[in-house]
Structures are given as C-alpha cells and as structure tokens.
Amino acid sequence: MKSGAPGGRILVVGGYGAVGSTVTSQLKEWFPGQVVPGGRDGARARRQGGQRVDVGDLAGFRQVLDELGDVLVVVLCVEPPEAAVARTCLTRGIHVVDVGASRRLLDAVAEWHEPAVDAGATAVLSVGVAPGLTNLLARRAHEAVGGADRLDLTVLLGAGERHGADAVRWTVAALAEPVTARPKRIAVPGYGRRTVHPFPFSDQYTLRRTLGVPEATTRLCLDSRPLTAALFALRRTGLLGGAGRPGLQRALTGSFSRVHFGGDGFAVRADARRGDHRAACALTGRAQSRVSGLVAAYVTRELLTASVPAGVHHIEQLPTLADLPERLAAHGVTVRHLAG
Ligand SMILES: NC(=O)c1ccc[n+]([C@@H]2O[C@H](COP(=O)([O-])OP(=O)(O)OC[C@H]3O[C@@H](n4cnc5c(N)ncnc54)[C@H](OP(=O)(O)O)[C@@H]3O)[C@@H](O)[C@H]2O)c1
C-alpha cells in the first residue's frame with residue numbers, strides 16, 4: 001500500500017459531531033488541506049471547509065464521492081443505516097475507518113474482505129474506546145495467558161461527559177437488547193469496586209472470532225453509582241424492550257443528552273482467563289468521545305502513511321496498531337498493568 005502522505009482527500013462523515021470533530025481537527029493538523037468534514041447540515045459542514053453528506057441516502061453518498069473525485073479514506077463517525085456505505089467505498093478502492101459499535105453492521109462489512117482485497121482497499125473496524133481500545137487490551141491479556149478460554153471486558157463511562165446524540169441513541173437502543181450474562185463486581189482502576197452489567201458492545205462478539213476465544217462478555221457501568229443502578233433497574237423492568245417502546249426510548253435518549261451527573265473520565269479493563277491462569281490490563285482517560293476520535297485519527301494516519309494490508313480488519317488484527325494505547329499517553333490516556 002501507499003507510503004508517505006499521498007495526495008487526495010479524507011472524508012470525515014459526522015465530522016462535526018462529538019467523535020468526528022476530534023477526528024477532523026487532528027487530521028487537519030496532520031494532513032492540511034486534505035480533510036473534508038461532512039454531515040447533513042450543509043451550512044455547518046461548509047463553515048469547516050466541508051460539505052453536505054447523508055449516509056442515509058446511498059445515491060447521494062455516491063454522488064459526493066464522484067464529485068470529490070479523489071477521496072482516499074472515508075472515516076465513518078456516524079452509524080449508517082446499512083453496510084452498503086462501507087461497501088461502496090471499498091469497491092471503489094477507498095479505505096474505510098469505522099467507529100461504529102453495532103455487531104450487525106460490522107459483521108456485514110466484514111463479509112466484504114475479498115472484494116476489498118481485490119480493490120486494494122482497507123477497512124479498519126472496531127475503532128474507538130469500546131470497541132477499539134477494549135479490543136487491543138483484550139488481545140494483550142489473551143496473549144499474556146497463552147490463549148484465553150474466557151475474556152471479560154469492563155467499560156466505565158463518565159455520566160458527566162456530553163456524549164453525542166448518535167452515541168446516546170445507540171446506548172439507549174442497546175439497553176433494550178436482551179442479555180444472558182450476569183452482572184459482576186470488579187475493581188475499575190481509579191473508581192474502586194463496581195457492579196458492572198452485561199452490555200451488547202460489538203467487541204465481545206468480534207473477539208470470539210478474531211482471537212478464537214470461546215467466551216467473551218463486555219460489561220458497562222457509569223461513574224455515577226446511583227445512575228448505573230437506576231439504568232439497569234430500568235432495563236430489568238423490560239419496559240425499554242419491544243416494538244411498542246420507541247417513545248420511552250426517545251424520552252430516555254433526551255434525558256441522557258440533558259442530564260449530566262458525574263465526571264468525564266472513563267476506564268476500560270480486559271481480563272483473560274485460561275484455566276487458573278489470569279491476566280488483566282486496563283487504561284483510563286478523560287472524554288471518551290475525544291479519545292475515540294483520536295483513535296480514529298491515528299488509524300487513518302496509519303492507513304495513509306504505513307503499510308497496512310488490504311481487506312477488512314478489526315483493530316486488534318493489525319500489529320502496527322498494537323501500541324496505540326501507549327501512543328495516546330500524550331492525550332492523557334494511562335495504560336495500567338494489573339495483577340489479573
Ligand atoms: N467505538 C467507540 O468507542 C465509540 C465511541 C463513541 C461513539 N461511537 C459511535 O460514534 C458515532 C457518533 O457518535 P457521536 O457521539 O459523535 O454522535 P454525534 O455527536 O451525534 O455525531 C454524529 C454526527 O453525524 C452527523 N450525522 C447524523 N446522521 C447523519 C447522516 N445520516 N449522514 C451524515 N452525517 C450524519 C451529525 O450531524 P447532522 O445531524 O448535522 O447530520 C453529527 O455531526 C455513533 O455511532 C457512536 O455509537 C463509538
């Protein structure tokens with residue numbers, strides 16, 4: 001693949017959102033004049049040197065690619081309704097970096113590995129904090145035990161951070177999904193012992209395949225104990241599930257976007273077990289939307305300047321990105337080695 005910094009543009013879809021604004025600003029610093037932030041609000045996009053783009057309109061999206069003509073990478077900082085957006089890019093030889101966390105969409109893009117190889121394009125999936133940094137830590141813990149037979153991932157999010165609307169919508173929809181795993185008590189670095197609740201982040205499904213681990217579960221809590229308890233008590237009532245509950249989901253999405261109890265810190269932890277052998281790694285930081293955006297920016301830079309194989313890969317499958325947690329130290333991310 002290409003080396004150096006090739007000419008051509010980087011389209012950041014959702015490029016002025018909570019995650020996307022960091023992607024846009026970091027990439028503008030590294031690739032001045034090459035970054036095009038996009039979203040459905042054309043005026044807002046243009047104010048930042050970008051343009052209108054809507055991933056809900058596939059024909060319109062193709063037209064944007066045609067008009068720009070020299071797009072090298074599309075960074076998806078909003079979840080499109082279907083995988084066709086990523087497929088459109090890959091079949092045209094355009095790289096994709098996807099911060100999405102929905103298993104259904106990531107699995108659908110992963111099916112396009114061979115066509116992407118044929119087109120010489122690379123997609124990097126599981127980019128962000130969770131999925132993303134969780135996948136990288138899980139790989140380390142898995143290797144430390146010589147191949148895990150079980151992985152437990154823990155994510156703590158700051159309830160005081162202003163999470164973007166699309167991320168809140170995703171989280172509330174995920175709360176309505178059925179879960180079978182049980183909550184667990186675990187020490188979260190910097191936050192003490194917490195009760196963490198199974199949550200359908202895509203990493204747990206991806207890692208079973210990419211690392212060949214038979215069992216993996218991701219659990220979530222917020223920094224605020226009362227809010228965590230209230231949220232998961234609401235889930236247990238079952239009121240959020242079923243087709244008849246979009247009104248309740250909308251109301252919850254609205255209150256999450258307005259109410260902020262807690263800080264903006266986050267922590268993630270990966271525990272691997274092989275028989276009696278255990279290993280754990282963790283990291284902490286502030287502002288998970290910003291750090292997710294930084295992960296996406298670093299991955300994009302890697303695609304443009306290093307040798308990354310064509311095809312569809314999850315972040316933990318690319319050895320060149322294995323030290324990304326340490327590279328984020330400059331942005332306040334601290335990697336913590338735990339006893340396991
Ligand atoms: N992997 C991770 O760790 C991680 C972490 C955080 C978030 N995420 C994911 O990242 C995504 C973005 O989250 P966020 O917090 O940045 O949300 P956000 O602040 O709501 O940003 C979404 C952006 O996308 C734009 N947008 C919405 N619909 C669009 C469409 N159909 N076509 C083009 N642009 C569209 C929005 O602007 P307009 O409304 O003006 O179009 C907005 O700028 C979510 O899917 C979330 O689940 C992943």
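When a ligand or atom number is given, it counts from 1 through the structure's own listing order. Both backbone and side-chain heavy atoms feed into the values below; hydrogens, waters and symmetry mates do not.
- Stacking of Arg301 on the aromatic ring of Tyr298 is recorded, both the 6.0 Å distance cut-off and the 45° axial limit being met.
- With Asp271 as reference, Ile186 is the one residue of Leu137, Ile186, Leu151 to meet the side chain to side chain contact (heavy atoms under 4.5 Å, CB included) rule.
- Listed by chain and number, Val13, Gly14, Tyr16, Gly17, Ala18, Val19, Gly39, Arg40, Asp41, Val53, Asp54, Val55, Gly56, Cys77, Val78, Glu79, Val99, Val127, Gly128, Val129, Ala130, Pro131, Gly164, Ala165, Asp166, Ala167, Trp170, Gln288, Ser292 each place a non-hydrogen atom less than 4.0 angstrom from ligand 1.
- Checked for salt-bridge contact, Arg103 and Glu177 miss the test: no charged N lies under 4.0 Å from a carboxylate O.
- Atom OG1 of residue Thr171 and atom CZ of residue Phe201 lie 6.5 Å apart, to the nearest 0.5 angstrom.
- Under 4.0 Å is where a charged nitrogen must lie from a carboxylate oxygen, and between Arg40 and Asp54 no such pair does.
- The side chain to side chain donor-acceptor pair (under 3.5 Å) pairs that include a residue from residues 63-79 are Arg9-Asp70, Gln63-Glu67, Asp66-Arg92, Glu79-Ser102, where partners are two or more places apart or lie in different chains.
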